[in-house]
Amino acid sequence: TEPLYFRHNGQGECFDNNKVCIEEIGDVMLLTRNIKIVGDNRTQNLGFGGTMFLMPMGQNGTLYARVSYTEFTDVGQQYIVGRYPVHFHVTGTNNNSFCIGNSVHRSLNRAFSI
């Protein structure tokens with residue numbers, strides 16, 4: 001990974017005789033990922049991109065979905081309820097599923113629905 005081009009300074013600020021303090025430090029992170037799911041060159045014009053629709057996976061803990069470090073670009077479907085880039089649909093109680101370290105760019109309909 002290349003180093004940052006610009007310095008990213010931050011500072012804290014306190015109010016009301018130091019009773020309330022706020023850290024004003026922005027997070028700087030790399031938003032590209034190893035796995036990329038990308039719509040084609042018509043996606044934005046049509047308002048229709050790919051979705052990851054995860055259906056009920058059961059209650060016994062042996063079935064689960066783990067979406068990690070994936071970059072989604074030009075995904076989702078405009079004006080269609082439930083057609084989000086990543087949609088966990090009525091999965092019930094499942095402690096083994098997760099989404100971690102993902103990024104979404106130019107989404108046509110939100111980002112994640114869990």
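Cation-pi geometry between Arg106 and Phe72 is not met at under 6.0 angstrom from the ring centre and within 45 degrees of the axis.
Not counting sequence neighbours, Arg110 has no partner by the salt bridge (charged side-chain N to carboxylate O under 4.0 Å, His left out) test. With sequence neighbours excluded, no residue satisfies salt bridge (charged side-chain N to carboxylate O under 4.0 Å, His left out) with Asp16.
Nearest heavy atoms, Pro85 versus Ala111: CD-O, 3.2 Å. Gly76 approaches Leu108 most closely through the heavy-atom pair O-CD1, 3.3 Å.
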Gln78/Asn109 under side-chain contact (heavy atoms from CB on, under 4.5 Å): CA gap, chis, key distance, verdict: CA-CA 5 Å; Gln78 282 183 334; Asn109 193 350; 5.9 Å; no

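We find the CZ-OH distance between Phe53 and Tyr84 to be 9.5 Å, quoted to the nearest 0.5 Å. To the nearest 0.5 angstrom, Leu54 atom CG is 13.5 Å from Arg66 atom CZ. Rounded to the nearest 0.5 Å, atoms CD (Gln77) and NE2 (His87) are 12.0 Å apart. We find the CZ-CZ distance between Arg83 and Phe48 to be 8.0 Å, quoted to the nearest 0.5 Å. In this structure, the separation between OG1 on Thr43 and CG on Asn45 is 9.0 Å, given to the nearest 0.5 Å.
Taking 4.5 Å as the limit, every side-chain heavy atom of Ile35 sits out of range of all side-chain heavy atoms of Glu71. Residues Phe88 and Ser113 fail the side-chain proximity criterion, which asks for heavy atoms closer than 4.5 Å.
Between Asp74 and Gln44, the side chains place a donor N or O and an acceptor N or O closer than 3.5 Å (distance only, hydrogens not considered).
Side chain of Asn17 to backbone of Lys19: no donor-acceptor contact under 3.5 angstrom is found.
Think of Tyr69 as one node in a network of Ile, Leu, Val, Met, Phe, Trp and Tyr side chains linked at under 4.5 Å; its network also takes in Phe98, Ile100.
Linking Ile, Leu, Val, Met, Phe, Trp and Tyr whenever their side-chain heavy atoms come within less than 4.5 Å puts Phe112 and Met52 in one cluster.
Checking each of Thr70, Val86, Ile37 against Asn102 for a side-chain contact (heavy atoms from CB on, under 4.5 Å) leaves exactly one that passes, namely Thr70.
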